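To start, the structure itself, in structure tokens.
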Amino acid sequence: MHFEHTDKVKDLLARLEAFMDEHVYPAEQDYYDFVHDQQNLWAEWPGMEPLKEKARAAGLWNLFLPHEYGAWSPGLTNLEYAPLAEVMGRVPWSSQVFNCSAPDTGNMEVLAKFGSPEQQERWLRPLLEGTIRSAYVMTEPQVASSDATNLELSIIPDGDDYVINGRKWWISNAMHPRCELMIVMGKTFFDGPRHSQHSQILVPRNTPGVTVVRHLKVFGSHNSPGGEVELRFDNVRVPRANMVLGEGRGFEIAQGRLGPGRIHHCMRSIGQAQRALEWMARRAHSRAAFGRKLADQSSVRQDVARSFCEVEMARLLTLKAADAMDRKGNKEARDLIAAIKVVAPSMAQQVADRAIQVHGGMGVSEDGPMAYFFTLNRYVRLTDGPEEVHMSQLGKLKIAEYVASNAR
């Protein structure tokens, strides 16, 4: 493997880092002040659209969509996009500035890969333009959704429509004022092979019968403006043309959606860990206690050193996974994809925790990014499947591989 950046990626990285320095970091406090003000609940920060216009004018737009999507893509591989995702991750909300934020990225991949021409024109094009946003509707409150075969929401054909009934929760972005589309996963066939029972269907956000049951806080935060909510679907009707790919193909779609998204999530976590490490080092250098700089304390030096090692290892593992995905596809790279999902968010949480400790009281405040990085990565350890699920699958794969190899 060879991870040296191409000239194209070096240019994009330089322009992205310059954009972050000029436009994003200076706006960071203003953004957080706005979204944490309860008077602004579910309202978009006014600075977002002007920044999106500047990013698009700078050619820093839709960088995530892999090259195999042809005209829809800027032409980057997953490996080439990975370092860009890391830079965006340093300020978690900045991905939206470049139209590279979840869950829109995964939904755009679904539509680009599996959508009909009509679905692409109606929904993919405005998502790529950044004029609308979307939600991915999968998890359910009454079942263990880490096993997606448990999902019970029904998507039943009825004449020219499908009728949808059930409950969903932890639906991110559903409250965003620009959210107009939901991709909903549910069950169409209630017998037959377990992995051929589910379907995914497009549901406009304002469809009658879709009700917000309650808003869910994450570690006490509404995560405005997108939020997380519990939804109820009561006899929701959508046209048959809204079915993605075909009945019973929901798992196929889900697997195609999740691989690249996990690269994005992990690289953003690595960006947060790298930034927390830099803050920790600067704090250790500038702060003195009991007559000595913190940087002269052996335990602090060890925390910095250990964090550096862990960030580097996670970064290289994630780049290896991205490279394998580009060369072999999601299925062949599934062991590495599982490994990074286990390693990256847990590592980022641990590095953020060390940075909090070095900062003392400041570390748990809003005067630095560490507290948010800590809670965000604790949350990410559950999203797209808890790490135990990935470890179980990874262990199963590796046992089978090593037994079959009969190595001495």
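This structure is a prediction, so every number in the text was calculated from the model and none was measured. Along the sequence shown, the residues carry numbers beginning at 1.
- Asn235 meets the side chain to side chain contact (heavy atoms under 4.5 Å, CB included) test with Val163, Asn165; sequence neighbours excluded.
- Ring geometry for Trp279 against His359 counts as tilted: the plane angle lies between 30° and 60°, on a 0 to 90° scale.
- Closest non-hydrogen pair, Leu84 versus Leu16, comes out as O-CD2, 3.6 Å.
- Taken from CE in Met108 to OG in Ser73, the straight-line distance is 12.0 Å, to the nearest 0.5 Å.
- Residues satisfying the side chain to side chain donor-acceptor pair (under 3.5 Å) test with Lys8, not counting sequence neighbours, are none.
- How far CD of Gln393 is from NZ of Lys396: 5.5 Å, rounded to the nearest 0.5 Å.
- Looking at Ser346, its side chain never comes within 3.5 Å of a backbone N or O of Val342 through a donor-acceptor pair.
- Using a 30° and 60° split on the angle between ring planes, Tyr32 and His36 fall in the parallel class, below 30°.
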Between Met391 and Leu394, does a side-chain contact (heavy atoms from CB on, under 4.5 Å) hold up when you go through it step by step?
CA-CA 5 Å; Met391 284 192 284; Leu394 179 59; 5.6 Å; no
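- Checked against side chain to side chain donor-acceptor pair (under 3.5 Å), Arg334 has no partners two or more places apart in sequence or in another chain.
- Paired with Arg178 under the rule salt bridge (Lys or Arg N to Asp or Glu O under 4.0 Å), one option of Glu49, Glu44, Glu129 passes, and it is Glu49.
- Under the side-chain hydrogen bond (donor to acceptor under 3.5 Å, both in side chains) rule, Arg90 has a single partner from Glu278, Glu17, Glu28, which is Glu278.
- Note on ring orientation: taking the six-membered ring where Trp is involved, the planes of Tyr31 and Trp93 are parallel (angle under 30°, cut-offs 30° and 60°).
- Relative to the six-membered ring of Tyr162, Arg240 meets both conditions, a distance below 6.0 Å and an angle of at most 45° to the axis.
- Counting only N and O atoms by type, the side chains of Asp303 and Gln357 include no donor and acceptor under 3.5 Å apart.
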